[in-house]
Amino acid sequence: MLVRKGLLLDCSGAVCDALEHLQLAGWDFQVVATLEAARKALTLAAPPVGLVAFDHETSWPGREIETLLARFDVEWIAILQRGLFDSAGLAPLLRRNFYDFHSLPLDRERLLVTLGHAYGKATLGARTEPHPAAEGRFGMTGRSARMQQLFRQIEKVITVDAPVLIGGESGTGKELVAHAIHQHSARAKGPFIAMNCGAIPANLIHSELFGYERGAFTGAHQRKIGNIEAANNGVLFLDEIGDLPLDLQASMLRFLQEKTIVRVGGTERLRMNVRVIAATHVDLKRAVAEGRFREDLYYRLNVLHLPVPALRDRRDDIVLLAQLVYANNEEQRSPQVRGFSAEASLAMEAHDWPGNVRELINRVQQAMIMSENRFISAADLGLAAVEGNGATLDEARALVEREMIESSLKKCQNNVSETARQLGISRVTLYRMIDRLKIVL
Ligand SMILES: Nc1ncnc2c1ncn2[C@@H]1O[C@H](COP(=O)(O)OP(=O)(O)OP(=O)(O)O)[C@@H](O)[C@H]1O
Ligand SMILES: [Mg+2]
């Protein structure tokens, strides 16, 4: 029979006795009585499931136990003495860190079911490696704290109908965000019309946007529907809005205020139901200050602002995105290529990616086709290998990581969640790194 391992943290020994009495077949619990002992046991070999007993004598400082629980990939189940449910400090701790809880006296059947579920959940990820795209939302890949924040913002934006302004450097995924908003909002069944304001000659933008009637000007042989009208009941995506000429900014403002258009050469005022999503890679506020962009239009468009983070500000996502590009282009790889070398992963994590995700796609695709190695090297990606002054790559990397983490922790007064957010990594990842690098909090 398969014996599943677990850990029991129990300072008074009461639950340990109760558990022994139940004789849970198929389970083997290592019992520890202090946080320090638990830390040691978990560091040696963290089991998939852990039980933590709370009774009236338990007096672990909340922060310390939370730090410990979050550090390891264990599904935690709390065992509570009656009367503790209402204890003020315990509820938030339980909510944040525990898979389930169970009150004393123990109910054998219920406990076995809970343990089975927790075990199943803990080992689910381990059995099958998920496709990199699975780590993300709205068709966008990313696991970093910055991307999680963006997903939460998109979640809010899709429930309302106001204009959105998407900011971010070139190649960060602004257009992908615009598509995501359209596809997950109530307008999903309506059209998505994209227009790049920087790519159309200034004298044509007006008729591109508003359309024209037959005979409106020489060459207007028949009526043409403009992009606003084409986007009726859907979304109009205005890319590079900063390039919209000033006179058209006035027309756009009028449209956003009145929600009507008149085709060029026409007289009829047509009512439109269009959500405008604009994107810019330039700082529009600065363009306003320099008189290149109308302030009133800026405020109209910027009702909801979504900043898409640069890739260098979410380094946790770099290797994941590289794996995504790899998986999406498997059929193009040189036949001997089996994946990325550790050196390539380090070089990718260290690179600043001025061209962001687009640059990453480009480098990975090229390396997959051109590499003559089994594992893609930094050179295949056109990147410099991370240098270490005589030290190994791992040592050099540890040094940089330690410096960054320590200085961020100091800046955030040792607030781990805030530090993780600033570094663009998850809390669990940060705890693991703190452990690995033996940083003292
Ligand atoms: N989070 C992501 N997950 C998967 N693919 C992404 C992600 N972000 C960007 N991409 C991909 O990167 C490429 C560039 O994205 P996109 O065109 O949306 O960027 P952009 O910010 O609009 O760039 P630009 O400012 O140059 O127009 C696209 O192929 C897109 O599919
Ligand atoms: Mg774009």
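In listed order, ligands and their atoms are each counted from 1.
- A donor atom on one side chain and an acceptor atom on the other are not found under 3.5 Å apart for D316 and S144.
- A search for salt bridge (charged side-chain N to carboxylate O under 4.0 Å, His left out) contacts involving E330 returns R333, not counting sequence neighbours.
- Between the side chains of T260 and R269, a donor-acceptor pair is found at a separation under 3.5 Å.
- Residues Q336 and S334 have side chains that bring a donor and an acceptor to within less than 3.5 angstrom of each other.
- For residues 149-181, the pairs satisfying ring pair (Phe, Tyr, Trp, His ring centres under 6.0 Å) are H179-F192, with sequence neighbours left out.
- Listed by first and then second residue, the ring pair (Phe, Tyr, Trp, His ring centres under 6.0 Å) pairs that reach into residues 297-326 are Y326-F340, sequence neighbours excluded.
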Please produce the table of protein N or O atoms sitting under 3.5 Å from N or O atoms belonging to ligand 1, one pair a line, distance to 0.1 Å.
{"unit_1": "ligand 1", "atom_1": "1 (N)", "unit_2": "T141", "atom_2": "N", "d": "3.4"}
{"unit_1": "ligand 1", "atom_1": "1 (N)", "unit_2": "T141", "atom_2": "O", "d": "2.9"}
{"unit_1": "ligand 1", "atom_1": "3 (N)", "unit_2": "T141", "atom_2": "N", "d": "2.9"}
{"unit_1": "ligand 1", "atom_1": "17 (O)", "unit_2": "R358", "atom_2": "NH2", "d": "3.0"}
{"unit_1": "ligand 1", "atom_1": "18 (O)", "unit_2": "K174", "atom_2": "N", "d": "3.4"}
{"unit_1": "ligand 1", "atom_1": "18 (O)", "unit_2": "E175", "atom_2": "N", "d": "3.1"}
{"unit_1": "ligand 1", "atom_1": "18 (O)", "unit_2": "L176", "atom_2": "N", "d": "3.1"}
{"unit_1": "ligand 1", "atom_1": "19 (O)", "unit_2": "G173", "atom_2": "N", "d": "3.1"}
{"unit_1": "ligand 1", "atom_1": "21 (O)", "unit_2": "T172", "atom_2": "N", "d": "3.3"}
{"unit_1": "ligand 1", "atom_1": "21 (O)", "unit_2": "G173", "atom_2": "N", "d": "3.1"}
{"unit_1": "ligand 1", "atom_1": "21 (O)", "unit_2": "K174", "atom_2": "N", "d": "2.8"}
{"unit_1": "ligand 1", "atom_1": "21 (O)", "unit_2": "K174", "atom_2": "NZ", "d": "2.9"}
{"unit_1": "ligand 1", "atom_1": "22 (O)", "unit_2": "E175", "atom_2": "N", "d": "3.2"}
{"unit_1": "ligand 1", "atom_1": "23 (O)", "unit_2": "G171", "atom_2": "N", "d": "2.8"}
{"unit_1": "ligand 1", "atom_1": "23 (O)", "unit_2": "R358", "atom_2": "NH2", "d": "3.4"}
{"unit_1": "ligand 1", "atom_1": "25 (O)", "unit_2": "K174", "atom_2": "NZ", "d": "2.6"}
{"unit_1": "ligand 1", "atom_1": "26 (O)", "unit_2": "S170", "atom_2": "OG", "d": "2.8"}
{"unit_1": "ligand 1", "atom_1": "26 (O)", "unit_2": "G171", "atom_2": "N", "d": "3.3"}
{"unit_1": "ligand 1", "atom_1": "26 (O)", "unit_2": "R358", "atom_2": "NH1", "d": "2.7"}

